[in-house]
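First comes the structure, then the notes that go with it.
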Amino acid sequence: MDFRFWLFQVMNGLTTGALLFFVASGFTVVFGLMRILNLAHGGLFLLGGLVGWSVQQATGDFTLALLAGGLAAGALGLLLEQAFTRSLMGDPLNQVLLTLGIAFILNNGYLAIWGGTPRSLAPPQVFSASVSVLGVTYPSYRLFLIALSLAAGAALWLFWERSRLGAMIRACVDDRAMAAAMGIRVDLVFAGVFTVGAVLAGLAGVLGGPVVGTFIGLDFDVLLLAVVVIVVGGIGSLSGAFVGSMLVGLVDALAKASFPQVSYFTLFAPVILILLLRPQGLFGRESDQ
Amino acid sequence: MRREALILLAGAALAALPWAAGTYWVGLMTQALIFGAFALSLDILAGFTSLPSIGHAAFFGLAGYGAALAVTRWGIDPWAAAAIGILFSVLVALAFGPLAVRLRGLAFLTVTLAFAQVAWGLATRWTSFTGGENGIPSVTRPSLALLGWDLTGPSEFYWFTLFWVVLLTLLIHRFANSAVGMSLLGIRESDRRMAALGYNVQARRTIAFVLAAAAGAVVGVLSAYYNKFIGPGSLDWRLSAQMLLSVIIGGAGSLWGPFIAGTGLHVLKTNLIGETERWVMVLGILYVVTVVLIPKGLASLPRIVRAKLWRQQPKSPAEKKPPRPAAPIRIHSDYIMGDRSRSEEPALEARGISVHFGGLQALQRVDLKVMPGTRHGILGPNGAGKTTLFNVLTGFVKPSEGRVFVHGVDITALPTHKRVGLGLVRTLQITTLFPELTAMENVLIGTLVGVGHHRNLWRRARSDRQACQAALGLLHDLGLEYLAETKVAEIGYGEQRQLEIAVALAPRPRLLLLDEPTAGLSAAETRSVLELLQRLPQDLTLVIIEHDLEVVFEIADHLTVLHYGERIADGPSEVVRRDPVVREVYIGSR
Amino acid sequence: MRNQSNSTISTGGRLLSLLLIAAFALSACGGAATATSEVPTAAPAQPTEAPTAESAAPATAAPAPTIKIGVLNPTSGNFAIFGDQVNSGIKLYFDSIDYQVDGTQVEVIYADTAFDPQQALEQARRLVEQEKVDLLMGLVNSAVSVPLAQYADEAKVPLLITVAGARAPTGPDRSPYVFRSGAANGQEDRPLGWYVASKLGLTRAATFAWDFLAGEEHANDFIDTFTAAGGTVVSQQKPPLGTSDYGPFISKVDPADIDVAYAFFAGPAAISFVQQMRQFGFTPDVTLAAPGFFTAGVLEAMGTDAEGLIQAAEYAPVLDTAENRLFLERYDASIGGEPGVYVEEGYLGAMVVAQAVAAAGDAVGDTEALLQALASVDFDGPSGRITFDDNGQSVRTIYIIRVVQGDDGKVVQQVLEAIPDVSQDWTP
């Protein structure tokens, strides 16, 4: 149990956290803004991965796969938003029923289109080797993922806090009616945010391809983790999503390494503890309860 | 009684199934009935209490495991084993429930999911004890030696299951209509209001959690005996999700919808698999169509059909409104207790109350003394801290500094509902009456506390003679009797404000705190409310927040004026209204 | 106010959502159609569901005997791939014999278990009590096989397990109604442990197996014969079921300390595992060893990361026997490409049923006769000879396989040794 061992685990945790952040950021902002719990978010993630895989098979190019995966998920997201958000507003139980129904449809639809074979994407050529970090040999693609999520987190944060559009979205989060009265086209903001969230999920599906692969069922696995992340982080909070993702990734990796004999509980037992001690999540406001 | 008879009738009709259908349908319906009752048990939590759990299968599965382990590992009689399993589940629910119900919405969903996943992990991991993912086979069914049944045949076990399911349904039905069941509906709409009426909200959420778990445990044991097998699948979140979906499809909070949906979904799924390979997608489409076409679930179907058939228009309450009684009506003094102590000790006292919200200082060392039987007005412009002071007095907000006393008893640390027990009741500024209940039922929720029947789990609340008489009496005294059978959603705003006062009187206050009782009312409506207030018994102590000077001056005999969280004046009405500081600050700011 | 605007769905929105649902519904039908056409029937004249005896035979003649077979496999959810493969193997064989065995009509009904024991039980009841099948076959995951074996025993319906390996159904308490044509958990691992230690001379091992009963059964049998042949197990790692990141477990082991790593995973998890063993510097110096299950359906996705992997498996497409050539031809003609191990296991299961039906002859309707016929099955399938031991467990040839890079750059399996007549308690 030396330093290298723990460094290794930390990097593993961060890799998982990085992937989770891409999924959870869109998930949490959509919830914060529109009060919609989109349980089909995992389906958007998987669509990205599957489309990305098909494109990589056809062209051999990872960047194209990434673009295609993001676009496909974004398009589906926009379609769902336009078709269903009106019936989604308001009743949270109906949201569960509707979005879970869509998640089942997507899951089974992917099975019909892509078949059940698990697939794996090849990482881009530049990142196919391993590098040495402080004496630890580590896949460079995973380091790239961590760096990318940091960059994406920073960019999202800047956009959120500093840009005019970000301010408009925050205004909508705080008070929808007031925002509308100030001349903000709330419907456009909703469509935009929902689509961007879907694009992020799709990108995550492709980015995760070389690490966790893409297969039927990953949609629900990822969904469960994303729910945990946003609740632990604080619902609707972007920084909460970031910290929550990294925390879930790290706690799971480090606890599995420390107590492998209880590895079934390393994810969910801390979740119970955190929520009982801090019901609103780490970054949530009391009023979000 | 009509509903109970209907349930029994449905049970009797279902009992005929083995003569009408083959063993396949008998077996299928056994499991389907189990799932129907399972969905109904979740409805107590997700529907009635608005706590959507996606880990309810934990209690279903843990009870099944408990019974199965007791039978197979320790050779205990299946009847005793069933009791062990159910008890085990209930104990776990008792330990986990009080913690979990502190959470709401998505956080509650997640914590129940996490809990069920831990239980699932335990069942899967602890192979030497639980059999791991293979589960426990050869679970022996109980026998009914008295009837000469061994319950091995499909029909016998079907009847056995039907018996328990009908019994459970009756019990849940009974519970739902009891005082506690009705209070859950209230808590779903507004937990603050229920606390302000004297209900211990957390305790009631815990009761709902534990009862739902207990009902789930009973069917969990039935399921283990029916399948003669239990495995980790019975703890899986997917099973919980299927039940939650059944509750939603059936109509959350309805008593028959979730049962039908839980039963129907299982029958549909099992047969659909024989029809199409894409059954998962078909079910998904069904869910989506349900939301789009009947967003309130199966339970709303009869209403929709009726509306389509007869095109009924809701009756306008105005048509029913009789002329107001000209003469003031005497309040039944035996119901409203008032404060007859007449001592020189203040009825309500606050000493040095300070409240900070983050950096904001909402109240600064505010003192308040309310003498028994006075009409005490608290004045101040918006943002002066009036409502915050009320929140401190009634326990919604914990003060950063200072203490609160009722008749000399320090209540600073008491939760809201316990303050009601000392006679301290408040109205809420924004009307939070329960829109789906009638005026009578709204008041009834309060009178149940007034007559001390609010903890009853068994008696139909609507048939509680004492509480109902008290409620009708109150409505009568306040001249609101004509609204008794009207749903609040159909009552006009001015009348809702009056009803609000009736509800606040229901728990038998000695001290009534009124938060802007005339806010948003027209001049005529304000007059009605004022008349009503003036008719209240003189020994009932009133504290009124108002920013309408006319109202306060007309009612209050003592005034306290707040400005930016500080008390700037206090004294008899005639003195304070002439106070130059008050005139400048208050009237100037308007 | 808000409630009102919420409950009213604009006509446009509702129309769009209903259109979308309709589109999904159409794609559902389309999906179902393509899924079934993946396995085209050999003879166009032969429908999947054989005509019933009454309609097929002239009214005067005695009705031809019919056997109805209910197939239970997961065709939705995470493990749909395995169920689809087994089902296509079953269909391939019955198609090839036109659903006729010595004058007995064969009828096959498929049902989805979705990997869920509860659903599998319900579907078994439906097949037996509603569809009146004479025999059940299939099952992929262990967890489903235990309650199903119990049900078969109660309902007195023969059950032929084709893949699921849980030991209990063919253990000492087995039901006379249960047989298994596939390998029991550990049946491949026993020869594997012995082979790795004594033939390859790799004696220091770490085991990586999912932390559940099946994982335990597999790993323990490997360890049993491995240590008996002089090997030492340095470390036993047990990641929870469903883990996809093996970093915390892999890094518990020092690659310099071992020369062989045993793995029991499947599907996407197995892909991740071989990738991570490469990334974390284990392979190629450390040899990977695993049962056949490990690469089922995912060998191509593993690619060169799987190179050097040693497996003990029930089947490999490279076997050069007449039976296997015929199987490969049929598969290539009807589906195309190379079949995975589970296609063969389904095909073999169908062959076992056909053999038993043939042996039972006119007494095929008699369950006792059918059970006896199953117990005395003895023939050569694509994967070699198969018989049953006293517990209804198959005794088969197990192949030691090495994964190597083929001429076209793709990885292929190469048979190192065939070990005949391997029982579930095999010892060298």
Side-chain angles (χ1 to χ4, degrees), chain A residues 28 31 35 37 39-40 43 83-84 86-88 90-109 111-112 220 224 227-232 234-236 261-281 284 286 288-289, chain B residues 46-47 50 52 54-55 96 98-100 102-126 237-238 241-242 244-249 251-253 277-297 357:
Chain A
T28 199
F31 188 85
R35 295 277 133 188
L37 179 68
L39 297 177
F84 293 116
R86 283 208 184 78
S87 28
L88 278 178
D91 188 345
L93 287 181
N94 274 344
Q95 292 177 9
V96 169
L97 181 59
L98 181 79
T99 57
L100 210 54
I102 293 171
F104 283 130
I105 295 171
L106 293 180
N107 176 285
N108 213 238
L111 188 63
F220 285 104
L224 284 195
V227 169
V228 165
V229 162
I230 73 161
V231 172
V232 165
I235 299 162
Q261 59 277 23
V262 293
S263 50
Y264 270 107
F265 314 113
T266 51
L267 180 63
F268 287 105
V271 168
I272 297 178
L273 267 184
I274 290 177
L275 284 181
L276 294 183
L277 292 177
R278 211 179 144 74
Q280 70 272 37
E286 201 86 44
D288 284 345
Q289 269 302 293
Chain B
S50 202
I54 200 153
F96 180 63
L99 300 171
R102 293 167 56 215
L103 305 174
R104 303 277 170 287
L106 198 51
F108 182 79
L109 196 86
T110 309
V111 88
T112 49
L113 168 73
F115 179 75
Q117 287 297 100
V118 168
W120 178 87
L122 204 64
T124 308
R125 171 71 175 67
W126 198 2
W237 72 270
R238 287 172 191 85
Q242 190 189 326
L244 187 58
L245 293 180
S246 302
V247 169
I248 303 169
I249 291 172
E277 193 187 0
R278 294 271 158 256
W279 60 274
V280 176
M281 190 177 284
V282 175
L283 285 183
I285 291 169
L286 180 80
Y287 300 155
V288 173
V289 171
T290 307
V291 175
V292 175
L293 294 184
I294 38 169
K296 300 260 178 229
F357 292 123

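Chain letters run A, B, ... following the sequence lines, proteins first, then strands; residues in each count from 1.
The shortest side-chain heavy-atom distance between B:L122 and A:F265 falls under the 4.5 Å cut-off. Side-chain atoms of A:F84 and B:V288, non-hydrogen and from C-beta on, do get closer than 4.5 Å to each other.
Per-residue counts of heavy-atom pairs under 4.5 Å with chain A were compared for B:G121, B:A114, B:A252; the largest is that of B:A114. Between chain A and the residues B:V247, B:L109, B:I249, the most heavy-atom pairs under 4.5 angstrom are made by B:I249.
Summarising the geometry, atom CD belonging to B:Q117 is positioned 6.5 Å from atom CG belonging to A:L224; distances are rounded to the nearest 0.5 Å. The CD1 atom of A:I230 sits 7.5 Å away from the OG1 atom of B:T110 when rounded to the nearest 0.5 Å. One distance of note links CD1 of B:I248 with CG of A:L100; it measures 8.0 Å at 0.5 Å rounding. Rounded to the nearest 0.5 Å, atoms CD (A:Q280) and CG (B:L103) are 10.0 Å apart. The line from CG of A:L275 to CG of B:L106 is 9.5 Å long, rounded to the nearest 0.5 Å. Annotation: the span from A:F104 atom CZ to B:L283 atom CG amounts to 8.0 Å, rounded to 0.5 Å.
In plain terms, the two heavy atoms of A:P279 and B:A107 that are nearest each other are O-CB, 3.9 Å. Smallest separation of non-hydrogen atoms from B:P295 and A:N94: O-ND2, 2.8 Å. Across B:R102 and A:L276, no two heavy atoms sit closer than the pair NH1-O, 3.0 Å.
With a 4.5 angstrom heavy-atom cutoff, B:T112 does not touch chain A via any of its atoms. Heavy-atom distances place the side chain of B:F96, and not its backbone, under 4.5 Å from chain A. For A:L111, the parts lying near chain B are the backbone and the side chain together; criterion is any non-hydrogen pair under 4.5 Å.
Using cut-offs of 30° and 60° on the angle between ring planes, the pair A:F220 and B:W237 is tilted.
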